[in-house]
Amino acid sequence: MTALEGRLVSLRDQMREWGADFRRLGLALDRDPELVREHFDLPAVRYLSTMGIPPEYGNVPIPIAGNRFYGTLALERAIIMEELACADVGMLVASPGPLLAGVLVDLLADEAQKEWFYGRMLDAPLWTFFALTEPDRGSDAGALTTTLTPVPGGAVLSGEKRYVGNACRAQLGVVFARVGSGPLGINAVLVETPAEGFKAEALETIGLKGARISAITLDGVHVPAERFVGRHLSPSRRGMWAFVQTFNLLRPGVAAIALGIARAAYEYVTENRTSLRRDEQDRLDLLGRRIEGARSLVHLAARAVDARTSDGYLASAAKTRASQLAMDAAREACGFFGVGARFDHPMLDKLVRDARGLEFIEGTSNMQKLNLFQGLFTGKLDRDDPFRVGVPG
Amino acid sequence: MTTSVRLGADELSRCHRAARDEGLAPALTVLRSLVLPGLLPCGPGGHAVVPQEVAAGAHQVWLDGVTVDRSATDESTLDSIDLPGGTVVLLRHGIGERGTDVHAEQRASWALGLVWLRLGLSEALRETCMRYLNGRRTGSTTLLQQQMVKSTVADGLIEHLEVRAVLTGADAGGLPEVILSHLHARITAADRWLVNLLGASGYLTGGPGQVAHLSELLAEAYVRADS
Ligand SMILES: Cc1cc2nc3c(=O)[nH]c(=O)nc-3n(C[C@H](O)[C@H](O)[C@H](O)COP(=O)(O)OP(=O)(O)OC[C@H]3O[C@@H](n4cnc5c(N)ncnc54)[C@H](O)[C@@H]3O)c2cc1C
């Protein structure tokens, strides 16, 4: 286990404190996902609304124990997201901010695009979206069929996207589409909404209701040339490569969200069952150890992508482990409250429903396992120092 | 109240098929009309998952073997969910004062019928997964032909076959409660394998993912031990 540096401990503790608001609102938001609109003034929502914007674009987040955390590192995001998901994952995913789209912009956009995107985000809390999945293609995202057809001054976007978080209420987002065939034929574009030909409708989900996942139809949406993300880069750097790298950077955060849900389930038991039988205590202790173990993996996987963006296969291990743990922990917690636990403890029911969604966000366990295997098979994994933390040889 | 029948192979098969072919609400309607006609079935903690018509029509509540007047207990409606086959309602009853006259035979029939019913729902989920995966392509083939996918379908099927094997030849009362509880746990495990195969489509309300969710809640309401 590697300990967190002092500054990261203070970040964690601050998020834990801010998370109390999320915990208080979680069940109400589960009934009405638009409730978040009334809570833009909460410190955690304010923080998330600019998280990921680098300082050179004017981001001045509230200092935490004398440090400013811009959320531009995967490890910082993992710490923040575990704490806020543990408080309430619904509020976390409902909060406005640059998140997924922001990571892509940071990685690929040119100066003018960054100025524009970050400028909009700093003006007011805005929701953003990241539209990759299509009705017929989820895991096989590289085969997407949404088209970008050139017209004078830009292109028009046509096709459909599905399950896109917050798209129905976002003002800004990125859409992946095809300008030609193959992996090099994919391009991400920035889209501002409302726009003619753009329609996004919320889909009702079993859990993670705060995410407002939506179905998007794109019927000839005009995209000016300056909104092509990474237009200063070669096609090999802005197509499929772009979303693979973006996902590598985001994945530890998704794993951390799952970890936060697992911890919320664990803490629900410790807070609501005062005396435990011996066998119950043993079960709970085991769950606690699994959470600790997964956290070590998540943090080192995050450090690895911060050091080398292409090392995302480690985060695939972390995400698979943590999303399974979230499910197991939520179910296990129900077992501490007897028959009808989920009827009598709405929080437990919500944890089970929310945990289930983590399997799909940013790629299913099967796809993560294939990616992990690929990392091993292609010799990326260093047997002696898998996380490249510098083990003496 | 009309009298209930002792559940034999034919009746169990009716519950099983209704669940597999028609859905949760129709299957619960069949089971309830066979075992607990006219009653609102609740589990040992007073929790119920019932079709809307049952919730609307019953005057008496059956609390894990004991019948009481519905007006004599506190009732709260927790949720109402539209599913293929009809709306189901989640209820909770205060368990307060209960009589001691437990109808053991009804209890055993209801318990066994529920396992058959959940098995039918889980098998329907398996078939839905096969159709979904067969309809989605990756590269030059379908998702159903991916080896990892086949393996997961097989994992689900193994659970179904084990449950079916234990149920084969068993009459109401023939299997101890702990075994029934184990069977429920296996069905829940199968559902979890399978529902992931539907991708995010299985996370939408009103579809097969929510049926699996409700099936878990059925076990939660009516089965005493952890399942
Ligand atoms: C809460 C939530 C938020 C989301 N947010 C976004 C978002 O903001 N933007 C966005 O673009 N998308 C988003 N998604 C969609 C998500 O990325 C997809 O659900 C995911 O990629 C899986 O795609 P699918 O649902 O189409 O499943 P499918 O691809 O249809 O997969 C079905 C099953 O087949 C398996 N499978 C598929 N291919 C293979 C293979 N080659 N080998 C082995 N097994 C395979 C899968 O593991 C799965 O079990 C979100 C989903 C959820 C639930």
Side-chain angles (χ1 to χ4, degrees), chain A residues 31 133-143 145 162-165 202-209 211 213 215 280 283 323-324 327-328 331-332 334-346 348-349 352-361 363-370 373, chain B residues 42-49 64 76 78-79 81-82 90-93 95 135-143 146-149 151-152 181 185 188-189 191-192 195-207 209-214 216-217 219-227:
Chain A
R31 289 186 293 272
T133 308
E134 298 185 348
D136 291 331
R137 272 164 202 86
S139 303
D140 191 10
T145 59
R162 191 64 58 86
Y163 314 125
V164 180
L203 301 163
E204 292 302 322
T205 50
I206 291 170
L208 295 178
K209 290 172 187 274
I213 64 172
E280 290 179 319
R283 262 163 52 210
S323 60
Q324 183 62 50
M327 263 325 282
D328 291 351
R331 284 209 72 226
E332 181 82 18
C334 296
F336 285 84
F337 296 91
V339 69
R342 283 158 69 177
F343 292 71
D344 297 338
H345 298 263
L348 287 178
D349 183 57
V352 174
R353 289 186 286 108
D354 289 344
R356 190 169 271 186
L358 265 297
E359 162 66 13
F360 311 111
I361 300 186
T364 65
S365 295
N366 279 1
M367 303 319 285
Q368 305 294 351
K369 287 181 193 171
L370 292 171
F373 175 82
Chain B
C42 295
H47 311 95
V49 179
D64 194 32
S76 49
L78 303 177
D79 211 347
I81 297 145
D82 295 330
L90 305 190
L91 301 172
R92 184 173 45 209
H93 272 269
I95 44 179
R136 284 174 93 74
R137 302 199 69 79
T138 177
S140 60
T141 172
T142 65
L143 288 191
Q146 302 301 306
Q147 294 202 344
M148 294 177 87
V149 167
S151 161
T152 306
S181 164
T188 299
D191 284 356
R192 295 206 167 184
V195 92
N196 281 347
L197 289 177
L198 293 174
S201 76
Y203 202 49
L204 302 180
T205 55
Q210 199 169 26
V211 174
H213 176 71
L214 263 293
E216 252 182 57
L217 287 180
E220 177 97 28
Y222 295 101
V223 183
R224 211 176 273 277
D226 185 32
S227 63

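To find a chain, count down the sequence lines: A is the first, B the second, and so on, and within it residues start at 1. Nothing here was measured: the structure is a model prediction, and the numbers come from that model.
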Full working for side-chain contact (heavy atoms from CB on, under 4.5 Å) between A:Asp344 and B:Glu220: CA-CA 11 Å; A:Asp344 297 338; B:Glu220 177 97 28; over 6 Å; no
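- With a 4.5 Å cut-off on side-chain heavy atoms, A:Glu359 and B:Arg192 do not count as touching.
- For A:Leu208, the parts lying near chain B are the backbone and the side chain together; criterion is any non-hydrogen pair under 4.5 Å.
- Chain A forms the most heavy-atom pairs under 4.5 Å with one residue out of B:Gly206, B:Ala221, B:Gly135, and that residue is B:Ala221.
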Criterion side-chain contact (heavy atoms from CB on, under 4.5 Å) on B:Val49 and A:Phe343, from CA distance to verdict: CA-CA 10 Å; B:Val49 179; A:Phe343 292 71; 3.8 Å; yes
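- Considering OH of B:Tyr203 and CD1 of A:Ile213, their distance stands at 8.0 Å, rounded to 0.5 Å.
- Evaluation of the side-chain contact (heavy atoms from CB on, under 4.5 Å) rule for A:Glu204 yields A:Arg212, B:Thr205 as partners, not counting sequence neighbours.
- Taken to the nearest 0.5 Å, the OG1 atom of B:Thr138 stands 6.5 Å off from the CE atom of A:Met367.
- Separation of atoms NE2 (B:His213) and CZ (A:Arg356) is listed at 7.0 Å; rounding is to 0.5 Å.
- The nearest pair of heavy atoms linking B:Arg137 to A:Asp140 is O-OD2, 4.1 Å.
- Heavy-atom distances place the backbone of B:Leu91, and not its side chain, under 4.5 Å from chain A.
- When each of A:Ala341, A:Pro346, A:Gly138 is scored by its heavy-atom pairs under 4.5 Å with chain B, the top score falls to A:Ala341.
- Contact annotation for A:Arg353: both backbone and side-chain heavy atoms come within less than 4.5 Å of a heavy atom of chain B.
- Per-residue counts of heavy-atom pairs under 4.5 Å with chain B were compared for A:Leu203, A:Thr133, A:Thr364, A:Asp136; the largest is that of A:Asp136.
- Between chain A and the residues B:Gly202, B:Ser201, B:Gly207, the largest count of heavy-atom pairs under 4.5 Å involves B:Ser201.
- Two residues are said to be in side-chain contact when any heavy atoms from C-beta on lie closer than 4.5 Å; A:Asn366 and B:Asn196 fail this criterion.
- The candidate with the highest count of non-hydrogen atom pairs below 4.5 Å against chain B, out of A:Gly207, A:Ser139, A:Ala143, is A:Gly207.
- Considering every non-hydrogen atom in both B:Gly209 and A:Ile206, the closest pair reads C-CD1, 3.6 Å.
- Using a 4.5 Å cut-off between heavy atoms, B:Leu204 touches chain A through backbone and side chain atoms alike.
- Under the side-chain contact (heavy atoms from CB on, under 4.5 Å) criterion, B:Ala200 pairs with A:Tyr163, sequence neighbours left out.
- Residues A:Val352 and B:Glu216 come closest through the heavy atom pair CG1-OE1, 4.4 Å.
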